[in-house]
Amino acid sequence: MFCQLSSTFILCKLVQYGLILLTPRDQFDTSTELLLARFVSVADSSKFWNSHLWNKLLAWDSVYFMKAMASENGKPAFEHEFAFSQFWIHLVRFLAPNHEFYNLLKTGVVLDNILHYLATFILYFLTVKIFSGNLKSSYAKSLAKKTSVLFIFSSAAGFLTGIYSEPLSFTLSFLGIWARQSAVFTTLPKHIDCLYSRFPLYLFSAICFSLATLNRSNCIVLGIYYVFDLWQLLKNRNYGKALLFPLLSGGILFLTCVLQQYVIPYSIFCPERGSWCNTQILGPFTRQSFYGFLQSHYWNVGFLKYWTPNNIPNFLFALPNIIILLYSSVYFSKIYPYYSLRPHIWVTTSLVIIVLLFAHVQIINRISTFIPLHLWYIADRLLKTSNSKDKSTPRGDDRIAHYYIIWLIFWIPLQTILFAYFLPPA
Amino acid sequence: MNLILWLQILFVATVSANTESFLLHVPSDFPLRKNSDEPSSYPRYISLHNSNLAKTTFFSGIEGPTYIELKSLQVDETYQIKICWTALDPVSITDIDWIVIPHSTEFQNTKSDEARIFIKFNVVADSWPPLNQLTKIPINVSVINTKLGIPVDLYKIIIYIGLVMTITFWINGRTNLYELLKNL
């Protein structure tokens, strides 16, 4: 397993970086050269490996990350730059040998790859843990292997070759889900219970989810695991455990969000800033969260704001993941109901609804990487049809998994090139 | 051909963020001089003399509109005008347009005996803390000739993508990656 997953990972990355290396150097969006002119000399940016590889990884949001990483104190210069993970920026600065531009870039890229590699194995063990509950272990192991391979060939594609903060979030997310899963067990008929001896693990999941949310706000949906656990334990009148496990852990996650979204921004910007500071309700609490304000003010994000005819191509880019995420929820709740997966279904459905209604919808290809449900669905279908002698086109629901994989086969190299050439989708 | 159409849709509909672009068609009866390699009297200009694409960095203020003269364009040709700025600067580009200044007409203290084509845009700052009003923002302006409706600088990436997609199709046909994954 270790060798197979490692070699698949290395092969996938080699192909991706090979494609980037061969991508023409004069990008569609020519702003990278303006960025480079601000930080490095022409002689430095024109060196072979810089111009053929590293410079091409500076597309889209990488600019914001690099700006803060390469600044004197690592802090954002403007309000809207707080939308980009301070946690990730400081982690890269901490691990980089020095704060020279290309050293920071290389550290970020290496760290992203290490995190992607680690997450592949965490996902393997998480899958084994979840699916070995009431099934044969060999099934769980086989499913885990397929899931991990599918995770390597992620739809985030080119974004995972650069310095985006997603790998940190999905690593922490998988680790947190694994820790929670280790502390919770299912009791018949449809109840859950928590082991006191595993309390540190449950608490550890809260730390992981909180850090993942600090890094990327969309990970707040991971709090649904605690809502589910709380509801189940209260239903069983297990008040003591409800208080100690999900309420405490959920409280930690909630407090982290309050600090990040209200208390800290308010102390930095208010009352001088005006604008969102003036919508104060009580203390540091404003009507709109800080991140919500930044997204709506600077990126025009809001309820149905993206539903315009010119965004139809972006909806098409997102369509395969929207279908697979929603269908995996239907699959594990109606076709192959599995009680342990219920909170995962809630998390997945919530993310899709939020992205569909509020966000720039094509980002689902990138940000859904912290959710494993759709990978489990595809892996399960692959496994259940692997013994079939009929190699003709899959039938029925299997076509969804089949077409998604075909899409991935073409999407990964295509998006990697588009990213390296600074072309949409972002 | 489908790929080209797809890319065209992509550019028309979705390119945003730090790039704004539009197409400019020079009519066949536009009074352009055959050889207009003379330096412009207007200080900010881009010349396409002996070339089908040109790119220049201009430093624009955030107080008023920026005008750039386009020189050595050909009649009956279409050009893509591409304006790029870096996300390092908290600005956006608005009111992008192009104007024709008739011959012998004064424009911003300059005059020419031939008709002139200018592009115009505004650099608008939106940030907290506010950007210093005297800040000059570097903006890359590119003028690219289009052939068959596609800017000429995109031909190599279209060919590259086409090549990679063909190879991917061939590999998938030979190895059936779906079956490979199924039997992993």
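The sequence lines fix the lettering, A, B, ..., with proteins before strands; numbering per chain opens at 1.
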To the nearest 0.5 Å, what is the distance between [atom1] on [X] and [atom2] on [Y]?
| X | Y | atom1 | atom2 | answer |
| --- | --- | --- | --- | --- |
| A:L382 | B:L180 | CG | CG | 11.0 Å |
| A:F78 | B:W128 | CZ | CH2 | 12.0 Å |
| B:L177 | A:I409 | CG | CD1 | 4.5 Å |
| B:K182 | A:T385 | NZ | OG1 | 4.0 Å |
| A:I406 | B:Y178 | CD1 | OH | 8.5 Å |
| A:F422 | B:I157 | CZ | CD1 | 13.5 Å |

Next item on the list: Look at A:D26 together with B:K55 and state whether they make a salt bridge at an N to O cut-off of under 4.0 Å.
Entry: no
Next item on the list: Answer yes or no: is there an ion pair linking A:K67 with B:D89, defined by an N-O contact shorter than 4.0 Å?
Entry: no
Can you tell me which portion of [X] sits under 4.5 Å from chain B's heavy atoms? Options are side chain, backbone, both or neither.
| X | answer |
| --- | --- |
| A:V63 | both |
| A:L150 | side chain |
| A:F39 | side chain |
| A:I405 | side chain |
| A:R38 | side chain |
| A:E272 | both |
| A:H402 | both |
| A:A379 | neither |
| A:T23 | both |
| A:Y421 | side chain |

Check: B:T57 versus chain A, heavy atoms under 4.5 Å apart: side chain, backbone, both or neither?
Finding: side chain
Among [options], residue most engaged with chain B (heavy-atom pairs, under 4.5 Å):
| options | answer |
| --- | --- |
| A:Q362, A:R381, A:M66, A:E33 | A:E33 |
| A:E81, A:H297, A:Q4 | A:H297 |
| A:K146, A:R273, A:E79, A:K145 | A:R273 |

Notebook entry, point to check: Any donor and acceptor pair, going by atom type alone, linking the side chain of B:K156 with main-chain N or O of A:P24 inside 3.5 Å?
Noted result: no
Notebook entry, point to check: Is the backbone of A:S31 close enough, under 3.5 Å, to the side chain of B:N140 for a donor and an acceptor to pair up by distance?
Noted result: no
I'd like to verify something: which residue of [options] has the highest number of heavy-atom pairs under 4.5 Å with chain A?
| options | value |
| --- | --- |
| B:I144, B:L131, B:T168, B:D153 | B:T168 |
| B:T86, B:L88, B:N172 | B:L88 |
| B:P130, B:P138, B:P90 | B:P90 |

Notebook entry, point to check: A:W60 and B:N18: side-chain contact (heavy atoms from CB on, under 4.5 Å), yes or no, with the steps?
Noted result: CA-CA 8 Å; A:W60 302 107; B:N18 296 331; over 6 Å; no
Margin query: So A:L418 and B:I161, do their side chains get closer than 4.5 Å, heavy atoms only?
Written below: yes
Please determine whether the number of non-hydrogen atoms from other residues, nucleotides or ligands lying under 6.0 Å from atom [atom1] of [X] exceeds 12.
| X | atom1 | result |
| --- | --- | --- |
| A:F410 | CZ | yes |
| A:K75 | NZ | no |
| A:H52 | NE2 | yes |

Checklist line | Closest non-hydrogen atom pair, A:P413 against B:V164 | finding: CB-CG1, 3.9 Å
Next item on the list: Compare every heavy atom of A:Y298 with every heavy atom of B:D126, then report the nearest pair and how far apart it is.
Entry: O-CE2, 3.4 Å
Next item on the list: Decide yes or no on side chain to side chain donor-acceptor pair (under 3.5 Å) for A:D29 and B:T19, but give the supporting numbers first.
Entry: CA-CA 6 Å; A:D29 184 326; B:T19 296; 2.9 Å; yes
Note to self: Looking at A:F28, I'd like to know if the NZ or CZ of B:K82 sits under 6.0 Å from its six-membered ring centre while staying within 45 degrees of the ring's axis.
What the structure shows: yes
